[in-house]
Amino acid sequence: MPTKHAVLSASSSYRWLACPPSAKECAKLPDTSSEFARQGTDAHTLCEFKVKTALGQKLEDPTKSLTYFDEEMAECTDEYAQFVMECLAAAKVSCKDPLIMIEQRLDFSKWVPGGFGTGDCLIVADDTLTVIDYKHGLGVLVDAEKNPQMMCYALGALNLFDGIYDIRRVSMTIFQPRRDNVSTCTMSKEELLQWAETVLKPAAELAAKGEGEYKAGDHCRFCKIKATCRKRAEYNLELARYDFAVPSTLQDEEIEA
Ligand code: SF4
């Protein structure tokens with residue numbers, strides 16, 4: 001199913017930060033959405049419904065319209081809604097009227113050309129901004145520590161709220177129930193802004209122009225051109241050479257033989 005994504009999306013930032021020209025290379029190919037991605041979309045729809053319902057909103061239950069709904073999805077999204085409500089309750093301990101936003105569009109184009117995304121849940125309580133992202137995937141355990149997708153979302157949220165609130169700290173949490181993973185990274189606003197100016201913005205500018213160095217690595221698994229990329233082929237060959245490197249001197253067992 002063709003879909004439309006920002007060329008420099010937050011979700012692909014892990015890749016284009018490491019290999020800036022990959023952004024334009026990937027943009028040349030049509031967007032396709034996998035079954036896993038569609039499953040994730042259904043789970044997000046249910047998460048949104050459950051959290052908003054827990055917050056007291058009256059909404060129509062979307063379950064019947066979901067293609068991938070199953071018992072596990074029901075449980076995971078319940079857990080997520082409960083987690084969000086616990087975070088909100090914790091925020092209320094120090095702030096009598098925290099702000100919570102669900103499925104909020106976040107614009108971080110100040111640092112990344114055309115950069116936007118959707119934050120699953122934002123909580124602003126006095127000087128702390130909390131960003132929570134639900135991951136339905138099982139394949140990759142997602143760590144919040146210095147996670148560029150979360151940092152882009154946090155920048156988008158800062159863009160919305162800084163000035164209205166005196167935010168000093170940003171807390172970013174990945175909630176990945178199918179892996180029993182709740183991962184949180186907290187940093188100061190200054191640290192986040194420094195990363196945005198010195199790492200994110202320069203890489204995004206290169207990526208937007210299709211410039212910068214091709215660099216292969218773990219991030220290639222998320223690249224649409226990985227099957228035909230010369231840099232990746234060279235990298236894999238190098239790894240293979242390393243794996244099969246034969247020592248220049250005979251080993252004891254070889255001498256014995
Ligand atoms: S496969 Fe890897 S090295 Fe090649 S363009 Fe994609 S991210 Fe860059």
Side-chain angles (χ1 to χ4, degrees), residues 1-41 106-119 131 133-156 172 174 176 179 181 183 185 192 194-245:
M1 184 198 293
T3 52
K4 196 73 213 141
H5 292 120
V7 174
L8 299 180
S9 69
S11 55
S12 61
S13 58
Y14 173 57
R15 171 180 46 72
W16 58 255
L17 276 165
C19 176
S22 67
K24 278 210 140 176
E25 295 285 1
C26 288
K28 290 178 197 159
L29 298 172
D31 279 332
T32 50
S33 130
S34 67
E35 185 156 325
F36 297 119
R38 292 196 294 276
Q39 201 179 27
T41 304
L106 299 170
D107 183 330
F108 47 92
S109 58
K110 200 164 150 187
W111 300 275
V112 176
F116 70 90
T118 305
V131 181
D133 197 47
Y134 177 87
K135 299 277 184 214
H136 197 66
L138 255 180
V140 180
L141 187 77
V142 190
D143 191 353
E145 189 61 33
K146 300 273 155 65
N147 181 310
Q149 179 183 12
M150 297 302 284
M151 287 159 86
C152 285
Y153 288 167
L155 285 167
M172 297 162 285
I174 304 269
Q176 190 179 17
R179 293 291 299 261
N181 176 32
S183 170
C185 169
L192 178 65
Q194 196 194 7
W195 173 80
E197 290 297 334
T198 59
V199 178
L200 182 67
K201 196 171 178 187
E205 279 167 4
L206 287 175
K209 289 187 269 182
E211 294 174 1
E213 267 184 54
Y214 284 85
K215 185 169 173 246
D218 184 47
H219 52 272
C220 293
R221 69 187 141 144
F222 304 113
C223 186
K224 282 193 220 160
I225 69 154
K226 65 182 177 196
T228 54
C229 176
R230 182 179 301 280
K231 192 73 190 179
R232 182 167 179 263
E234 286 167 2
Y235 172 80
N236 284 343
L237 215 66
E238 205 47 51
L239 284 185
R241 234 184 249 139
Y242 183 77
D243 276 351
F244 294 114

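Whatever order the structure lists them in is the order used to number ligands and atoms, beginning at 1.
Met150 is not listed as a side-chain neighbour of Cys185, based on a closest heavy-atom distance of 4.5 Å or more.
Applying the 6.0 Å contact sphere to NZ of Lys224 captures more than 12 heavy atoms from other residues, nucleotides or ligands. The number of heavy-atom neighbours closer than 6.0 Å to CD of Gln194, taken from other residues, nucleotides and ligands shown, is 12 or below.
Under the 3.5 Å distance criterion, with hydrogens and angles disregarded, no donor-acceptor pair is assigned to the side chains of Asn181 and Ser183.
Note that CD of Gln149 is 5.0 Å distant from CG of Asp133, once rounded to the nearest 0.5 Å. Put simply, CG on Leu192 and NZ on Lys146 are 10.5 Å apart, with the number rounded to the nearest 0.5 Å.
In terms of protein heavy-atom proximity, atom 3 (S) of ligand 1 is closest to Lys215 O, 3.5 Å. Of all protein heavy atoms, the one lying nearest to atom 7 (S) of ligand 1 is His219 CD2, 3.7 Å.
Judged by distance alone, the side chain of Gln176 and the main-chain N or O of Val140 form a donor-acceptor pair under 3.5 Å.
For atom 4 (Fe) of ligand 1, protein N/O/S neighbours under 2.8 Å (waters excluded) are Cys229 SG.
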